[in-house]
Amino acid sequence: MNNVIKLESVEMEFKDSIAIIQQQATQTNVGVLRRQAILSELNLKKSQTVIDIGCGGGHLLKEISLAIGEKGKVIGIDGSEFQINSAKELCANLSNVHLVCCNANNIKIEKQTCDAVTSTQTLEYIENVDDVLREAKRLQKPNSKFVNISTLWDFFGFHGPDPEINKVMHDAMKGQKHPMLPIQLSGKLKKLGYKNIKTQEINFFIRNKNDNSFPKFHEILMINAARSKGVSEEIISKWQNQLNKAEKEGDFAFTAYSILTSAYKN
Ligand SMILES: C[S@@+](CC[C@H](N)C(=O)[O-])C[C@H]1O[C@@H](n2cnc3c(N)ncnc32)[C@H](O)[C@@H]1O
């Protein structure tokens with residue numbers, strides 16, 4: 001593993017406790033199912049070169065690394081030094097994993113080097129997403145695949161608490177620059193000349209929030225976000241009590257609606 005370089009700026013910081021909880025969420029069944037969908041769509045071959053934009057703690061890198069074998073190369077890029085260091089640790093024994101800390105709109109890798117470019121729940125956080133898509137296209141070999149998963153954030157979240165309080169909590173977590181990106185992504189790819197653009201739904205409807213569940217980690221993230229935006233402790237604990245009560249009484253659900261978009265570069 002090599003190439004950990006310093007970052008200038010990213011729009012939303014994934015570091016410390018936020019990054020740790022994000023990495024825990026990615027290890028739940030939701031993260032596993034998303035990675036399976038990506039791997040199945042990528043249909044990787046030995047010796048290929050693949051890039052994961054916004055690789056986070058490196059969980060997908062590890063699986064790609066094993067799929068492409070030691071003659072292949074998987075490059076994880078992320079704007080957060082914390083995430084890059086976590087990925088470095090996770091992939092410590094995998095010689096074909098390379099990590100670069102940089103902004104996704106300026107990746108210092110030669111053009112047309114990748115057999116596939118992938119990204120999971122990252123593009124929606126990036127203001128200049130069109131620049132990142134152009135960068136992805138630049139890195140791709142002709143006829144290679146682009147595979148992205150982004151969430152439809154308007155449909156993401158908890159159901160059960162009083163709608164008004166629930167909205168305050170959900171609003172606190174709205175940091176995405178393009179919360180409904182999957183709706184625009186196919187058109188953006190078409191404009192860039194991609195072909196065979198397809199979408200696939202990956203939906204979750206979860207009725208409980210056990211300690212190690214995707215909803216549990218998002219409950220923690222939502223409370224952190226609410227605190228940082230100045231929502232009162234009274235509102236936060238009211239919301240949490242209502243969530244717990246709804247779960248006990250069977251009136252609780254957590255929904256996440258993600259879209260896998262795939263396309264081939266011309
Ligand atoms: C929600 S996390 C997803 C991480 C990983 N793909 C996963 O599924 O577990 C989004 C990641 O995108 C990274 N990110 C956000 N904006 C970025 C940018 N402009 N350039 C590079 N990385 C960025 C963050 O640091 C974070 O690690």
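Since we're looking at a predicted model, the values are computed, not measured. Heavy atoms only: backbone and side chains are in, while hydrogens, waters and symmetry mates are out. Both ligands and their constituent atoms are indexed starting at 1 by order of listing. Throughout, residue positions are numbered sequentially from 1 according to the sequence presented.
For ligand 1, the atoms sitting less than 4.0 Å from at least one non-hydrogen atom of G54 are 4 (C), 5 (C), 6 (N), 12 (O), numbered in the order shown with element in parentheses. Within the listing of ligand 1, atoms 1 (C), 2 (S), 3 (C), 10 (C) sit less than 4.0 angstrom from a heavy atom of Q121. Taking every heavy atom of T26 and a limit of under 4.0 angstrom, the matching atoms of ligand 1 come to 7 (C), 8 (O), 9 (O). Near G79, meaning under 4.0 Å from one of its heavy atoms, ligand 1 places the atoms 21 (C), 22 (N), 23 (C). Atoms of ligand 1 lying under 4.0 Å from any heavy atom of S80, numbered from 1 in the order shown and given with element: 25 (O). Against a heavy-atom cut-off of under 4.0 Å, Q83 is close to the following atoms of ligand 1: 26 (C), 27 (O).
Look at C102 and you'll find a heavy atom under 4.0 Å from some atom of ligand 1.
Nearest to atom 20 (N) of ligand 1 by heavy atom, out of A104, A25, G58, is A104. Counting heavy atoms only, T122 comes closest to atom 14 (N) of ligand 1 of the residues V129, I18, N105, T122.
Remark: ligand 1 and I126 share no N or O pair separated by less than 3.5 Å (distance only, no angle test). Residue contacts with ligand 1: Y125 is placed with no nitrogen or oxygen under 3.5 Å of a nitrogen or oxygen of the ligand (distance criterion only). At a 3.5 angstrom cut-off on N or O pairs, I77 does not count as close to ligand 1.
Atom NZ of K188 has more than 12 neighbouring heavy atoms from other residues, nucleotides or ligands inside a 6.0 Å radius. Within 6.0 Å of CZ in F204 there are more than 12 heavy atoms belonging to other residues, nucleotides or ligands. In the displayed structure, E164 atom CD is contacted under 6.0 Å by at most 12 heavy atoms of other residues, nucleotides or ligands.
A salt bridge links E233 with R227; the closest basic N to acidic carboxylate O contact falls under 4.0 Å. Residues E41 and K145 are paired through a salt bridge, judged by an N-O separation under 4.0 Å between the basic side chain and the carboxylate. For the pair E135 and R138, the salt-bridge criterion is met [side-chain N within less than 4.0 Å of a carboxylate O].
At a 4.0 Å heavy-atom cut-off, ligand 1 touches Q22 through the side chain alone. By the criterion of a heavy-atom distance under 4.0 Å, both the backbone and the side chain of D78 are placed next to ligand 1.
Aromatic pair F205/F254: ring centres not closer than 6.0 Å. Side-chain rings of W239 and F158 approach one another, their centers coming within less than 6.0 Å. Taking the ring centroids of F156 and H218, they lie under the 6.0 Å cut-off.
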